[in-house]
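One structure below.
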Amino acid sequence: MKNRLTHIIFVLLMLAAGIAQAQQNIFTVTRTDDPSPFLYQQNPNDPAIIGTLQWAVRKANDATGTILINFNIPGNGPHIINLNYYLPDINNNNIVIDGSTQPGYQTGNPAIIIDGQTIISNCFIIHDQQCEIKGLYIRKFNTGISVLSPYFKIDNNVINQCNLGISISSNYGEVTGNIIGTDNTMTGLLYISGYGIFIGYTLNNITENIIAYCQYAGIMVTYINSQNLFSQNQIFNNPRAIVYKATPPVLKPIISSIINGNVSGTSQPNCRIEIFGSTGNENANEYLSFVTADASGNWTANVTTTYPYIVATAIDQNNNTSVLSAAFAVPAPTPGSTCAAAIEIQIN
Amino acid sequence: MKTKILFLVIAACFFRFGASSQTTPVRIIDFMVLPAYSVDTTQQGDTIMLNVLFKTDNAAQANKAMLFFGTANDASDVKLVQANFSIANDTTFITYSGTTKPVVSYATNIWVKLSQQQYDIFSHATLYVEDISGLQTERLYFQKY
């Protein structure tokens with residue numbers, strides 16, 4: 001009886017493992033070349049195409065269950081995949097393309113570079129739900145990543161030397177931790193010739209990205225009822241940081257004073273105010289802190305920065321985010337002010 | 001009589017074989033329809049420009065691309081587009097609505113303008129290419145989110 005029970009449990013465990021394995025699809029990119037896209041159509045198992053990025057995307061599109069495209073290209077990196085042909089769109093749900101799986105990957109310094117050689121229109125086109133692109137260096141495309149479907153994630157990529165960094169035509173997306181228009185050296189030589197992020201829809205979260213050297217603007221929003229959150233992004237050295245095609249959905253805050261590190265101002269009531277160190281107008285170089293405005297729209301926050309100016313954004317309860325406030329000059333520290341403060345504390 | 005029947009059967013087989021071998025050398029893959037946003041922020045027009053993209057193999061033997069925008073696969077109830085292939089100096093081009101683009105690395109581009117209303121209504125796009133012999137490729141489908 002005991003043996004029989006053990007046998008049944010063993011069979012059930014094996015079945016469960018088999019099901020789990022069937023639902024887990026991993027396609028590994030092992031080479032950097034890009035042969036004719038019609039090879040796959042003739043024979044998906046053609047050795048000339050197995051292991052290429054194009055092959056991995058096509059296999060992922062044909063698979064079911066959770067799908068991971070990872071990278072394991074032999075040799076010292078970074079590894080450059082020069083695309084000769086545009087990739088098929090990502091048209092299956094739950095596909096994760098994870099450049100951080102390549103040995104040698106470091107945050108902000110991906111080990112896989114996908115190069116469009118300025119002849120390919122798009123690197124990735126996300127065309128099904130819950131897909132994620134992470135940890136890749138994407139350069140020299142017309143558009144780095146285009147999004148046509150919801151619940152996407154784009155995180156920790158470096159995207160530069162494109163006309164458009166990321167184009168979003170869908171919702172419920174997370175764009176986090178990317179470097180757009182430059183790289184981790186913050187050079188201006190790798191600029192985006194249009195917009196860093198172009199948003200044509202609603203309800204996306206754009207957070208903690210670095211967006212710099214975009215020749216039109218850092219972020220462009222064309223959707224009227226935006227409800228797109230822009231939080232804690234460093235946006236600098238663009239002619240404009242955030243631009244709305246229509247009237248911005250929330251008024252930008254006004255900074256009225258900076259006294260002993262206390263930044264005060266006004267905004268629409270109850271907005272979250274994010275405060276940044278700045279080199280001047282349209283630059284949010286360093287995220288410092290946030291504070292919530294009161295019911296009258298007044299707010300004060302204590303911050304410290306080495307930048308000569310402070311700017312702020314206002315975010316309302318629907319996640320509508322304002323353009324940057326006018327830059328307010330940080331007063332030069334008054335000699336002895338630190339001692340005065342110390343004395344004040346001592347007296348109190 | 002027997003010989004006659006045998007001849008007819010063989011002739012029929014040849015006829016069927018001949019008919020089934022009439023496939024176009026033109027092949028198409030990777031069909032997609034992308035909204036192309038204008039960088040001109042002052043433009044307030046009620047139109048959406050779409051970049052229709054697909055790969056054409058043996059494009060030199062293609063005659064025209066037929067593109068349907070509709071509310072279902074194979075439907076053209078929103079818009080029907082015919083783009084024409086041509087060859088000049090060993091390069092194949094595709095022309096639609098006065099715009100001519102070369103076919104480069106199989107990539108075939110058509111720019112189609114839809115009104116905002118047409119864009120909102122269309123949910124499916126269908127594509128096939130007809131070659132210079134009048135034979136058609138398989139149909140490719142694109143579904144808009």
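Atom set for the values below is all heavy atoms of this structure, side chains included, hydrogens, waters and symmetry mates excluded. Quick caveat: nothing in here was measured; it's all calculated off a predicted structure. Residue numbers begin at 1 in each chain, while the letters A, B, ... track the order of the sequences.
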- How about B:F93: does its CZ atom have over 12 heavy atoms from other parts shown lying under 6.0 Å from it? yes
- Query: Minimum heavy-atom separation for B:T56 to A:F38, with atom names?
  - Reply: C-CZ, 4.0 Å
- Query: Quick one: OH on B:Y145 to CD1 on A:I126, what's the gap to the nearest 0.5 Å?
  - Reply: 11.5 Å
- Task: Check the surroundings of atom CD1 in B:I87: do more than 12 heavy atoms from other residues, nucleotides or ligands lie under 6.0 Å from it?
- Result: yes
- Message: Is it the case that atom OH in A:Y201 sees more than 12 heavy atoms from other parts of the structure closer than 6.0 Å?
- Response: no
- Separation of A:S167 OG from B:L34 CG (nearest 0.5 Å): 8.0 Å
- Is any side-chain heavy atom of B:F142 closer than 4.5 Å to a side-chain heavy atom of A:L148? yes
- Where B:Q143 and A:H127 come nearest, the two heavy atoms and their spacing: O-NE2, 2.7 Å
- Query: More than 12 non-hydrogen atoms from neighbouring residues, nucleotides or ligands closer than 6.0 Å to NZ on B:K101, yes or no?
  - Reply: no
- Note on the structure: Under 4.5 Å to a heavy atom of chain B? For A:N91 that would be neither
- Does A:Y191 OH have over 12 foreign heavy atoms under 6.0 Å away? no
- Query: Atom OG in A:S36, atom CG in B:D57: separation rounded to 0.5 Å?
  - Reply: 6.5 Å
- Side chain, backbone, both or neither: which part of A:D89 has a heavy atom under 4.5 Å from chain B? both
- Of the non-hydrogen atoms in B:I29 and A:Q41, which two are nearest, and what is the gap between them? CG2-NE2, 3.3 Å
- Message: Could you go through A:Y85 and B:D30, starting from their C-alpha distance and side-chain angles, then the distance that decides it, and tell me whether this counts as side chain to side chain donor-acceptor pair (under 3.5 Å)?
- Response: CA-CA 11 Å; A:Y85 313 96; B:D30 297 341; over 6 Å; no
- Query: What's the shortest heavy-atom distance between A:I125 and B:M32, and which atoms?
  - Reply: CD1-SD, 3.0 Å
- Is the cationic atom of B:K55 (NZ for Lys, CZ for Arg) positioned less than 6.0 Å from the six-membered ring centroid of A:Y86 and within 45 degrees of its normal? yes
- Message: Between B:I48 and chain A, with a heavy-atom cut-off of 4.5 Å, which part of the residue counts as in contact: side chain, backbone, both or neither?
- Response: neither
- Message: Would you compute the distance between atom OG of A:S121 and atom CG of B:L53 and round it to the nearest 0.5 angstrom?
- Response: 4.5 Å
- Query: Which atoms of A:S170 come close to chain B, meaning under 4.5 Å heavy atom to heavy atom: side chain ones, backbone ones, both, or neither?
  - Reply: neither
- Query: Looking at A:P37, A:G200, A:S146, which one has more heavy-atom pairs under 4.5 Å with chain B than the rest?
  - Reply: A:P37
- Item | Greater than 12 external heavy atoms within 6.0 Å of B:Q117's CD | no
